[in-house]
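Structure record follows, encoded as C-alpha cells.
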Amino acid sequence: MTASDIGDQRILLIDGHAMAFRAFFALPADGFSDGRGQATNAVYGFTRMIINVVASEQPTHVAVAFDLPGGTFRDRIYDQYKGGRDETPAEFHGQIDLIMQVLDALGVRWLTVEDYEADDVIATLATRTAAEGGEALIVSSDRDAIQLVGENVTLLQPIKGVTEMRRMTPAAVEEKYGIPPERYPDLAALVGEAADNLPGVPGVGPKTAAKWIVQYGDLPGIIAHAGEIKGKAGQSLRDHLEDVERNRLMNAAVLDLELPTDPEHYTLGRGDGATLNAVFDELAFGPTIRKDVPTRFLAEGEEVPAAPARELPPLQQPTSAELPVLLSEAFAEGAALATEGSWALGQGDLLRIALATQDARAVITLAELDDAAERALAGWLADPAIPKVAHDTKLVGHQARGRALRIAGWRTDLAIAEFLCRPDQRPTDLAGLAMRHLQEDLQVEAAAAQQELDLGSDEADGEQLGRAADAVLRLEDLLRDELEERGATSLHDDLELPLSAVIGELEATGIAVDDAVLAGLDEEHAARQSEVADSAFSHLDGDRINLGSPKQLQEVLYERLELPKGRRTKTGYSTNAETLVDLFEKTQHPFLADLLAHRDVTKMRQIIDTLRRFISPEGRIHTTFHQNIAATGRLSSNNPNLQNIPTRTEEGRRIRSAFHVSEGYGSLMTADYSQIEMRIMAHLSEDAGLIEAFRSGEDLHNFVASRVFDVDPDEVDPAMRSKTKAVSYGLAYGLSAFGLARQLRVSQAEATGLRDGYFERFGGVRDFLRESVEKARATGYTETILGRRRYLPDLTSDNRQRRENAERVALNSPIQGSAADIIKLAMLRVDELLRRKELTSRVLLQVHDELVVDVAAGEDQAVRDVITEGMGSAFELSVPLEVGIGVGANWLEAAH
DNA sequence: GTTCTTACGTA
DNA sequence: CGTACGTAAGAACA
C-alpha cells in the first residue's frame, strides 16, 4: 500500500443499528416477511440503503459498525444514559443478525467493539482516514456524528426513511447551527439530547447555545464566564453546570479504538454472487433488489446474482391499427387495468391505460390513437360483458369521464376488497397494497413495490404501468380468496362495487352552490367577529391576544383572570366550549361570553371559507366520498366534507341555504331515515318493548320514557324525554354511567338509576348488548345485518383501557354499520328505480341517514315514490323503516 | 416543512 | 370515562 493509494481512499462508514432501526420504522413490518414469519423490513430497508449509497457515492472501502447489547463505558459514567427508551419491538429482533449475513455476502466488513458504541468505531475510522489524506463518508442519524464533519469527512443524515439523505459538510453544519462542526458537542451539551436521556440547560435551545459559543469561543470559555451571563438563561446555566459538563463528557467521540488498521481490510469488492443469491432467497427478496446490487461489491469475475423472475408477458404498445385486433383477441375475456391520469373538480383525464392478463400486456397511450382505435377502446371499456379489475375503479371511472369514456363490467375493486378484509387498516395506494400482499414468487416483489409501482415516475416506456396492471391482476387472485374466506364476496360484488359506480356519478355531478349567498353570510359574520373580538379584548385591558390559541387562552383564563381551573387536557387545562360554559355559569365573567361568541362566528367563517374555495367555475361543489375509510362501513366525505354542514344552530343552518337546486331542475329534496339506529337496535335485540314502541307509531323517546319512569305517555315531561333519549343513544355507544352523568349534568347515582330503570323495562336490549360483545370476543369480530365484519383483537387484551375501548366499539359497530348497510342498499335501489322509470332526477349527496336529491320539474311525486320505496324497503327489519321527506329550493328549505 | 394537539362541525 | 368521521389553526418538532 503506497501513500497515493491511501490518498485515493474513500471510505463509507455506516451506523448499523441506527440505520436498521430507521428502516424498521420506515417500512411496514407486516409487508415484509421471509414467508416463515420472520419480519424482514429492517433488513430490506438497510440493504436498499447500502446499495443506493454505494451506487451513488462510489466508495472504495466500506465498514458498518454495530452496537453490542449490554452497556458501554458511558453507562458507568452516567447510569441514566439512554434511559427511558421504549423497548425494542418484537419484530425487530433477529433482523440485525440477518443484516450481518447480508453484509458478509456483500463482502462488507462489519465491526463491534466491546464497551464502545458504533459511533466510536466510526469516529476512529473517519479521523484516521482523514488524517491519512483519504476521504470518509458517514451515514448516521446520530447527532453525535456532526462533530466529525470536516474537510475530508462528510456526514449523510437520513431525512425521511433510509433513502433520502442530507449532505452535511462543514459549511452545511455552520449554516444550520451557526457554529463549526467541532463545536457541535459544546452546543449539544448545553441543549441536551433527549434520545440519550441527557437533559440540557432548561430554557436554552440551539439558538442561545450557538450565540454563547460564538461569544465565548467554546464550552470552557462559556463556563469560565458563566457568572457574567445575564437573564433567565444565564441563571439556568449556572444551575445546571454539572449536567452540561457531564453531557460534554458523554458526547465526546472516542478516536483511538484499536481496530484493524490496514485499509485493505475494508476494501470493497469481495462479495460472492452465489452466496448473495442464497441469502436473498432465504429472505424472500425479489429480483429487483438483486438487479440493483452494484458490481463494485463483487469480486472480480463474480456475476451479479441472477433474478429468478417470473416471465412477464411481453409489453405491447399497439398502434392504432393494431389496437382493435388486440382488444378483440388478447383482451376479449377482460383484463386488469392500471391507468395514468387525473381527476380534479370534475375535470378528469385519462392519459395512458395498461391492460394485463396472464398471457398478454399492453400499454395504450390515448393521445396517439386515431378515431377508429379510440372507438374500439371505448367499446371495449363500455362492454359490461368484458370483466375488468382495477385498484380504484371509481377513480379510473373519473379519469375516463374526462375523455367522454365510460366503463362497465367492473369485476373487482382492489381497494374495496382490501377494505372489506381489513376495515381498520389505513388505505394504501397500489404500491402499498402490493407491499402488503405480494411475496417472492411475484414479479413485483413486496419490498420494491414502493419504487417499482410509483406511477408518478416519468419513465416513458410504459413498463411501470404495465407492471402495475400485472400487479392488479395478481392481487385480485389473492384478494378474491380472502373475500371468500371472510364471507365478504357478496358485500363486494353486490353492494360496494355497484355502489362505487353510483357514488362516482354523485361526485361527478356535484351540487350547485351559490357563492353570493356564502359571501353575504361571510360579510355579516366578519362584522360580528370584529365586534365580539373588540369586546373580548376590552375585558383584557385591550390586550389583543390570539383568541384562537389554546395556549394563550390558558394563560389568560387561568393565570391572569385567575378563573377556577376545570378539565385537563394532555398538555394543560381545557379551553373547550363545554369548559367555558361551565366557567361562565360559575363566574359570569363577560370575557367568556365574548370568547364563546367569537369561537362560534370564527367557526362559521372558516366553514364558509372552506366551502367557497371548492366551488367550481360552473358553480358546483364536487366532494369525494370514500368507501374505505370508516371502519363501520359508513361513507366519509372530503374536499370538502359535505357531511358536516351545520344544522344545529339557526346561524349555522343558513349555510345550507347556499346549496340549491340545479339549473333546469325543479327543487331539492331531502329524505332521511327516522331513528334508524334505534330501529336496528330493536331489530337486533328483538326486545318486545322496543319493537312495540316502533310499531305503535308513537314518538319513540316519549314511549320509552313512559315505560322507564312508569307514567302515562301524556305525562312524560321534556326532562324525562331528553334523559331517556340520552340513555337510548348512549347505550349504542357503550356509554358509562360516568359519561351519562356528565352529559346530562346529573349525579352519577341518578345516571346509574336511569340506566338500570331502562334495562329493567327493556331487558332484551341489555341481553343483546351483553351477548353481542361476548360473541365478538369469541369469534374475534362483530357483524352487521349484511355480514360486514369488523375485527377487534383488543377484546381479549390484558390492557383494560384497550379492552374496554374495544368493547364499546363492539357495541356500536353492528348498529352504526347496519345503518350504513341499509342506506347503501337504498342508494342502489333508488338509483335503479330512477333509471327504470327514466327519471332525470338524481341523487346528489349522502349524509349517513339522509339523501339529497335534485328533483326535475314535474317529477316530484315520482321521486317521492322512488325514495319511499327505495329507502323504505331497502331492508326488512322487524320494525318499519320510516322516511321523512322535505322539498324546497335549497337545502335549508328542504328540511322538514 | 412536517407532525401533533386542540377544538368543533356532522350522523 | 360515548361511536364514526374531516378540517383548520396553533404549537411543537426537525
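In what follows, chains are A, B, ... by sequence order, proteins preceding strands, each numbered from 1. On a predicted model such as this, the values are computed, not experimentally measured, just so you know.
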Next on the checklist: Could you tell me how far apart A/Glu807 (CD) and C/dT3 (P) are, to the nearest whole angstrom?
Outcome noted: 12 Å

Checklist entry - So what does A/Gln816 touch, heavy atoms closer than 4.0 Å: a base, only the sugar-phosphate, or nothing? => result base

Next on the checklist: At 4.0 Å (heavy atoms only), tell me whether A/Arg605 reaches a base, stays on the sugar-phosphate, or touches nothing.
Outcome noted: nothing

Next on the checklist: Over all strands shown, is A/Ala577 touching base, sugar-phosphate only, or nothing at heavy-atom distances under 4.0 angstrom?
Outcome noted: sugar-phosphate

Item to check | Ring-face cation of A/Arg790 near A/Tyr781 (centre distance under 6.0 Å, axis angle within 45°) | outcome: no

Next on the checklist: Over all strands shown, is A/Lys570 touching base, sugar-phosphate only, or nothing at heavy-atom distances under 4.0 angstrom?
Outcome noted: sugar-phosphate

Item to check | Proximity to the side chain of A/Thr647 - top-ranked nucleotide from C/dA4, B/dT10, C/dA8 | outcome: B/dT10

Checklist outcome for this item: note: A/Arg166, atom CZ; B/dG1, atom C1'; distance rounded to Å ~ 11 Å

Next on the checklist: Starting the side chain at C-beta, find the nucleotide from B/dA11, C/dT7, B/dT10 nearest to A/Arg634.
Outcome noted: B/dA11

Checklist entry - Of the candidate nucleotides C/dT7, B/dT5, B/dA7, which contains the atom at the shortest distance from the side chain of A/Thr571? => result B/dT5

Item to check | Flag, side chain of A/Gln743 to backbone of A/Ala726, donor-acceptor distance under 3.5 Å | outcome: no

Next on the checklist: Taking any heavy-atom pair under 4.0 Å as a contact, classify A/Gly548: base, sugar-phosphate, or nothing.
Outcome noted: sugar-phosphate

Item to check | Working for side-chain hydrogen bond (donor to acceptor under 3.5 Å, both in side chains), residues A/Gln816 and A/His848 | outcome: CA-CA 9 Å; A/Gln816 191 184 118; A/His848 308 310; over 6 Å; no

Item to check | Nearest to side-chain heavy atoms of A/Asn576, which nucleotide of C/dA4, B/dC8, C/dC1 | outcome: B/dC8

Checklist entry - For A/Ser637, which contact category applies under a 4.0 Å heavy-atom criterion: base, sugar-phosphate, or nothing? => result sugar-phosphate

Checklist entry - If the P atom of B/dT5 is compared with that of C/dC1, how far apart are they to the nearest Å? => result 15 Å

Item to check | Nearest-angstrom distance from the residue atom CE of A/Met604 to P of C/dA8 | outcome: 15 Å

Checklist outcome for this item: Of the candidates C/dA11, C/dC5, C/dT3, the side chain of A/Ser549 sits closest to C/dA11

Checklist entry - CG of A/Asn641 versus P of C/dA8: gap in Å, rounded? => result 10 Å

Item to check | Distance under 6.0 Å and angle within 45° of ring axis: A/Arg568 vs A/Tyr573 | outcome: yes

Checklist entry - With a 4.0 Å cut-off, would you call A/Arg745 and A/Glu585 a salt bridge? => result yes

Item to check | Under 4.0 angstrom between A/Thr610 side-chain N/O and C/dA8 OP1 or OP2 | outcome: yes

Next on the checklist: Can you see if the side chain of A/Arg613 gets near the phosphate of C/dA8 - specifically, an N or O under 4.0 Å from OP1 or OP2?
Outcome noted: yes

Checklist entry - Contact class for A/Arg808 (heavy atom, under 4.0 Å): base, sugar-phosphate, or nothing? => result sugar-phosphate

Item to check | Minimum-distance nucleotide to A/Ile629 side chain [options: B/dA7, C/dA11, C/dC5] | outcome: C/dC5

Item to check | Between C1' of B/dC8 and CD1 of A/Ile645, the distance in whole Å | outcome: 13 Å

Next on the checklist: Once you apply a heavy-atom cut-off of 4.0 Å, does A/Gln743 come out as touching a base, just sugar-phosphate, or nothing?
Outcome noted: base

Item to check | Distance, rounded to the nearest Å, where A/Ile545 contributes CD1 and C/dG10 contributes C1' | outcome: 13 Å

Next on the checklist: Checking contacts here: which listed nucleotide (C/dA8, B/dA11, B/dA7) is nearest the side-chain heavy atoms of A/Arg648?
Outcome noted: B/dA11

Checklist entry - Among B/dG9, C/dT7, B/dA7, which is the nearest nucleotide to the side chain of A/Thr575? => result B/dA7

Next on the checklist: Consider side chain to side chain donor-acceptor pair (under 3.5 Å). Of A/Lys824, A/Gln643, A/Arg634, which one does A/Gln846 pass it with?
Outcome noted: A/Gln643

Checklist entry - Roughly how many Å is it from CD1 in A/Ile823 to P in B/dA11, rounded to a whole number? => result 12 Å

Checklist entry - So what does A/Ala732 hit on the nucleic acid, given a heavy-atom distance under 4.0 Å: a base, only sugar-phosphate, or nothing? => result nothing

Next on the checklist: Classify A/Asn805 by what it touches in the nucleic acid, base, sugar-phosphate, or nothing, heavy-atom distance under 4.0 Å.
Outcome noted: sugar-phosphate

Item to check | Nearest-Å distance for atom pair CE/P, residues A/Met168 and C/dA14 | outcome: 15 Å

Next on the checklist: Please verify the inter-ring angle class for A/Phe21 with A/Phe24; under 30° counts as parallel, over 60° as perpendicular, anything in between as tilted.
Outcome noted: parallel

